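Here's the structure we're looking at; comments come further down.
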Number of protein chains: 2
Amino acid sequence: MIANVSQSTSTHPSWTSQAVQPPSLSAIDLEALRRELPVTRRKHAAGQYLYRSGQPFRAIHLVHVGSYKICDTSTDGREKVTAFKMRGELAGVESIGLDAYACDVIALEDSEAWDLPYPAVMKAAVRIPELQEQIHTALAAEIRCDRTWMLLLGTLAAEPRVAAFLIDIAARHARLGYSAKHFILRMSRLDMASFLALKHETVSRALSHLADLRFIEVQRREVRVLDVDGLRAMACCAQAA
Amino acid sequence: MIANVSQSTSTHPSWTSQAVQPPSLSAIDLEALRRELPVTRRKHAAGQYLYRSGQPFRAIHLVHVGSYKICDTSTDGREKVTAFKMRGELAGVESIGLDAYACDVIALEDSEAWDLPYPAVMKAAVRIPELQEQIHTALAAEIRCDRTWMLLLGTLAAEPRVAAFLIDIAARHARLGYSAKHFILRMSRLDMASFLALKHETVSRALSHLADLRFIEVQRREVRVLDVDGLRAMACCAQAA
DNA sequence: CGGCTGCTTGAATACCTTCAATTCATGTGG
DNA sequence: CCACATGAATTGAAGGTATTCAAGCAGCCG
C-alpha cells in the first residue's frame with residue numbers, strides 16, 4: 001500500500017526543466033498586487049464553480065489554495081476540460097475583452113482563489129509598467145501552454161499522453177515545493193480523459209500498464225513515480241497511432 | 001471544373017457568427033499603430049520563414065498580405081501546425097516574455113507581414129490605454145481560439161473535424177470580404193492534417209466524402225461550398241469515435 | 001519531356017473505443 | 001454499526017475508425 005503523502009521539497013532539479021510552463025504571476029508581484037488592488041478571497045468546495053460561462057466578466061482569478069479545472073463547452077453542448085490550474089496559476093484570462101466568461105471553472109477539492117478585478121488590474125498596469133509586462137507574459141505563457149498540449153495531444157498515442165500528463169503534474173508539484181515522486185491526482189479519470197482527449201477506460205488502462213512496466217505505482221488517485229526516465233522516454237519517443 | 005475564384009464580398013451574414021474568433025487588431029487601431037510605431041514591412045515567398053524558433057524575439061507581426069502557418073516543435077522533434085494566420089491576424093504573441101521565439105512561422109504563399117517592435121508596442125501602450133486593452137484582448141482571443149480548437153479536436157471525429165475546418169476558413173474569408181463559398185486552401189493536405197491531428201490520407205478521404213455528400217466540390221486546393229448547413233450539421237453533431 | 005511533389009484511393013492492420021461486468025470507496029439511512 | 005445505494009475505477013471482449021502501407025494519378029518546374 002502507498003501511504004505518507006509528503007509535502008517535502010523536491011530534490012530532483014530536472015523536474016522543473018521539462019514542464020509545460022504554467023502561466024503564473026510570481027510571488028514577488030503578488031505582494032505588489034495585494035497593495036495595489038482590492039483583492040477579495042473566495043473559497044470553494046469540490047465541485048463548486050469559481051465562475052460559469054455567461055456570467056459577467058469582472059475579474060481574473062489567482063488560485064491560492066487547491067486546484068480547479070477549466071471546462072470549455074461548444075454551442076452544441078460538447079464539453080472538454082482544457083486546463084487544470086494549481087496554486088499560483090491564473091484563471092479567467094481567456095475571458096479578457098469579453099462581457100461574459102467564456103468557460104466554466106470548477107474546484108477539484110477545497111480551494112481558494114483571489115479575485116483580481118480586471119478594471120483595477122488595468123489601472124494598476126498603467127501606473128506600473130512591470131505589471132503590464134507581467135500580464136502580457138502570463139497571457140503569452142498561457143498560449144504556449146495550450147500550444148504545447150495541442151502538440152502533445154496531436155502527436156502522441158494514448159499511453160505516452162498519460163505519461164506526459166503525469167510528468168507535467170509532477171513538475172508543477174515540484175515547482176510548488178511538493179514531492180514530484182508522490183502525489184494525489186485531484187481530478188477524476190473522467191476529467192483526465194477529457195483533458196487528454198481519451199476515454200476514461202483508456203486512461204485507466206494506460207495507468208495500469210505504466211504500473212506493470214514499473215514506471216509508477218498507482219492506487220486510485222494516489223500516484224508514486226518509480227522511474228522518471230522511463231516515463232520521459234515514453235512521453236517523448238512514442239508516436240501517435 | 002471549378003473556376004473564377006472571386007474576391008466578392010460575402011452576402012451570407014451567418015458566416016461571421018459561427019467562426020472560431022481569430023485574434024486580430026481592428027483596422028482602426030492599425031492607423032494609430034502606424035503613426036505611433038516604427039513599423040517595417042517584410043515580404044515572404046511561399047515556404048520562407050517569418051521567424052524561426054530560437055531567433056531573438058524583438059517584434060510581433062501583423063499579417064498584411066497572404067497567409068502563414070504556425071509550427072510548434074517538441075524537444076524530441078515532433079512537429080505540429082498549431083494555427084494558420086491570415087490578413088489582420090497576429091503572429092509572435094506566443095513568444096512575448098521570452099528571449100527567443102518559441103515556434104516557427106512559415107509563409108504559405110507570397111505574403112507580407114508588418115513587424116511591430118515589441119518594446120515600442122509596450123511604450124505606446126503606456127501612453128495609449130486603448131492600445132493596452134487591445135493587446136490584452138488580442139492575446140485573450142488567441143487563447144480562446146486555441147481552446148476552441150482543443151475542444152474541436154478532442155471531441156470530433158475525422159470527418160466533422162475537416163468540416164469544421166472548412167467552416168472556419170470560410171468564415172475568415174468572409175470576414176475579409178472574400179467569398180465564403182469559393183476559396184483556395186493555401187495549405188497542403190499535410191499541413192491541414194497536422195493541424196487537425198490526422199493523417200493526410202484521412203483528410204483527403206474526408207474531403208472526398210464531403211464531396212460525395214454534395215456538401216462541397218473540391219479539386220486539389222480549390223473548394224466550393226454547396227451546402228453550408230450540411231457542413232454545419234456534420235461539424236456540430238457528429239461525436240468523436 | 002522527365003522527374004518530382006502533392007493528392008487520391010484501396011486493402012490490411014492497429015489502436016482506441018464501446019459495451020459490459022466487477023471491484024472498491026464513500027456516505028447515508030435503518 | 002451494518003446494510004445498502006451510489007459513484008469511481010478497473011478489466012475483459014468485441015467492434016469500429018483512423019492509420020499504415022502501397023499503388024496510381026495529376027499538376028508543376030526544370
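Not measured: the values here are computed from a predicted model. Values below: all heavy atoms of this structure, side chains included; hydrogens, waters and symmetry mates excluded. Naming convention: chains lettered A, B, ... in sequence-line order (proteins, then strands); numbering from 1 in each chain.
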Checklist entry - Base, sugar-phosphate, or nothing: which does A/T202 touch, judged by heavy atoms less than 4.0 Å apart? => result base

Next on the checklist: Any base atoms under 4.0 Å from B/L207, or only sugar-phosphate, or nothing? Heavy atoms, all strands.
Outcome noted: nothing

Checklist entry - Which residues pass the side-chain hydrogen bond (donor to acceptor under 3.5 Å, both in side chains) test with A/E201, sequence neighbours left out? => result none

Quick one: [X] [atom1] to [N] [atom2], roughly how many Å, whole number?
{"X": "A/H200", "N": "C/dC16", "atom1": "NE2", "atom2": "P", "result": "16 Å"}
{"X": "A/D191", "N": "D/dA9", "atom1": "CG", "atom2": "C1'", "result": "13 Å"}
{"X": "A/E201", "N": "C/dT22", "atom1": "CD", "atom2": "C1'", "result": "14 Å"}

Item to check | Among B/K43, B/R42, B/R41, the one residue meeting salt bridge (charged side-chain N to carboxylate O under 4.0 Å, His left out) with B/D115 | outcome: B/R42

Next on the checklist: For B/V162 and B/E159: C-alpha separation, side-chain torsions, deciding distance, then whether side chain to side chain contact (heavy atoms under 4.5 Å, CB included) applies.
Outcome noted: CA-CA 5 Å; B/V162 172; B/E159 227 169 80; 5.8 Å; no

Consider the side chain of [X], meaning its heavy atoms from C-beta on, and name the nucleotide among [options] that approaches it most closely.
{"X": "A/R220", "options": "D/dT20, D/dT11, D/dA9", "answer": "D/dA9"}
{"X": "B/R221", "options": "C/dG6, C/dT9, D/dA9", "answer": "C/dG6"}
{"X": "A/R189", "options": "D/dT11, C/dT8, D/dA9", "answer": "D/dA9"}
{"X": "B/S208", "options": "D/dT19, C/dT8, D/dT10", "answer": "C/dT8"}

Next on the checklist: Can you tell me how the ring of B/Y101 sits relative to the ring of B/H61, calling it parallel under 30°, perpendicular over 60° and tilted otherwise?
Outcome noted: tilted

Next on the checklist: So for A/R205 and C/dT18, does any side-chain atom that can act as donor or acceptor lie under 3.5 Å from a complementary atom in the base?
Outcome noted: yes

